[in-house]
Amino acid sequence: MSWHQGPLVGFDLETTGTDVETDRIVTAALVRLEPDGTVAEQRTWLLDPGVAIPAQASAIHGIATDHARKHGARAASAVAEIAHAVAEVLRSGVPLVVMNARYDLSLLDRECGRYGLDSVEQRIGGVPSPVIDPLVIDKHVDKYRKGKRALQALCEHYGVTLSDAHDATADAVAAVRVVRRMGERHRPVSTLPPAELHALQVRAAAEQSASLQAYLRRTANPTAVVEQAWPVIPRSR
């Protein structure tokens with residue numbers, strides 16, 4: 001049975017911004033979908049990130065600073081729970097689906113470091129795997145398609161309904177449904193075992209970043225550097 005015909009777990013974060021080194025988690029969701037598409041179980045978190053949530057971020061995910069402070073869990077304890085739950089999924093061997101995993105998993109890693117917690121990597125004794133990233137796969141299988149590749153755009157392209165974009169649970173579910181459609185449509189990808197698919201994405205993500213970096217250096221910034229590591233950016237030493 002191909003990976004896209006089995007259970008998959010979607011993971012998503014909504015955050016205070018886009019910098020993995022400095023921004024914080026505001027909401028998180030882990031959602032397990034069975035082969036028939038039904039949601040078998042889910043866990044969600046609302047955090048008080050300990051900093052003000054910028055208005056631009058609140059406008060995207062709908063969580064304001066006052067709401068997070070009043071209703072959110074203490075960040076350190078919630079991050080510990082999230083890291084534990086993600087590690088448990090990976091230990092089980094069920095693929096973890098993460099849209100733009102380089103961002104979400106790296107930010108979770110930095111949050112663990114911020115609070116002196118074991119990272120997912122430390123908890124499982126290795127790099128998080130198997131991870132399936134619809135962004136990396138889509139760029140690999142359909143390299144020259146024009147247009148945006150954000151989750152909403154991928155949902156439109158693959159015929160998946162996303163009714164509540166930037167809600168962590170809705171985005172996690174949509175990401176799983178998108179990769180299932182990818183598996184149905186792109187047989188060379190769907191026939192790979194999860195470990196081999198993960199390794200393919202490591203190579204593909206590096207190639208995609210190198211291509212973007214070369215383009216930026218030719219057209220906009222001669223010193224541009226685009227991160228190649230996937231699914232987690234190593235911490236600075």
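A quick note: this is a predicted structure, and the numbers were derived from the prediction, not measured. Just the heavy atoms: all of them, side chains too, but no hydrogens, waters or symmetry mates, feed the values below.
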Parallel, tilted or perpendicular: which one describes the rings of His186 and Tyr158, with boundaries at 30° and 60°? perpendicular
With a 4.5 Å heavy-atom cut-off, do His61 and Thr27 have their side chains touching? no
Could you work out, with side-chain contact (heavy atoms from CB on, under 4.5 Å) as the rule, every residue matching Gln42, not counting sequence neighbours? Val31, Val39, Thr44, Thr169
Which atom names give the shortest non-hydrogen contact between Pro234 and Ala229, and what distance separates them? CD-CB, 3.6 Å
Do Ile63 and Glu14 have side chains that get closer than 4.5 Å, going by heavy atoms? no
Donor-acceptor pairs are to be reported for all side-chain atoms of residues 2-13 against protein atoms at under 3.5 Å, with residues two or more places apart or in another chain.
unit_1	atom_1	unit_2	atom_2	d
Ser2	OG	His4	ND1	2.7
Ser2	OG	Ser190	O	2.5
Trp3	NE1	Val189	O	3.2
Gln5	OE1	Ser2	N	3.1

Should Arg181 and Val160 count as side-chain neighbours, where that means a heavy-atom distance under 4.5 Å? yes
With no hydrogens and no angle check, is any side-chain donor or acceptor of Arg102 less than 3.5 Å from a backbone partner on Gln228? yes
Note, Pro193 side chain near Glu196 side chain (heavy atom, < 4.5 Å): yes
Test side-chain contact (heavy atoms from CB on, under 4.5 Å) applied to Ala224 - qualifying residues, sequence neighbours left out: Leu216, Arg217, Asn221
Under a 4.5 Å cut-off applied to non-hydrogen side-chain atoms, are Gln122 and Cys112 in contact? no
Would you indicate whether the side-chain heavy atoms of Val178 and Leu154 approach each other to under 4.5 Å? yes
For a 4.5 angstrom cut-off between non-hydrogen side-chain atoms, does Pro130 reach Leu197? no
Return all side-chain donor-acceptor pairs below 3.5 angstrom for residues 66-90, not counting sequence neighbours, or 'none' if the list is empty.
unit_1	atom_1	unit_2	atom_2	d
Ser77	OG	Arg74	O	3.0
Glu81	OE1	Trp45	NE1	2.9
Glu88	OE2	Arg91	NH1	2.4

Note, Tyr144 side chain near Lys139 side chain (heavy atom, < 4.5 Å): no
Which residue pairs pass the salt bridge (charged side-chain N to carboxylate O under 4.0 Å, His left out) test when at least one of the two sits in residues 104-127, sequence neighbours left out? Glu21-Arg110, Asp109-Arg235, Glu111-Arg114
I'd like to know if the side chain of Arg149 reaches the main chain of Arg145, judged simply by a donor and an acceptor atom lying under 3.5 Å from each other, with no hydrogens or angles considered. yes
Considering only NZ, NE, NH1 and NH2 on the basic side and carboxylate oxygens on the acidic side, decide whether Arg43 and Glu41 come within less than 4.0 Å. no
Spell out, as yes or no, whether a donor-acceptor pair under 3.5 Å connects the side chain of Asp167 to the backbone of Ala170. yes
Test item: side-chain donor near acceptor, Asp23 and Thr15, under 3.5 Å: no
Those residues at least two apart in sequence (or on a different chain) that pass side-chain contact (heavy atoms from CB on, under 4.5 Å) with Thr191 are Arg187
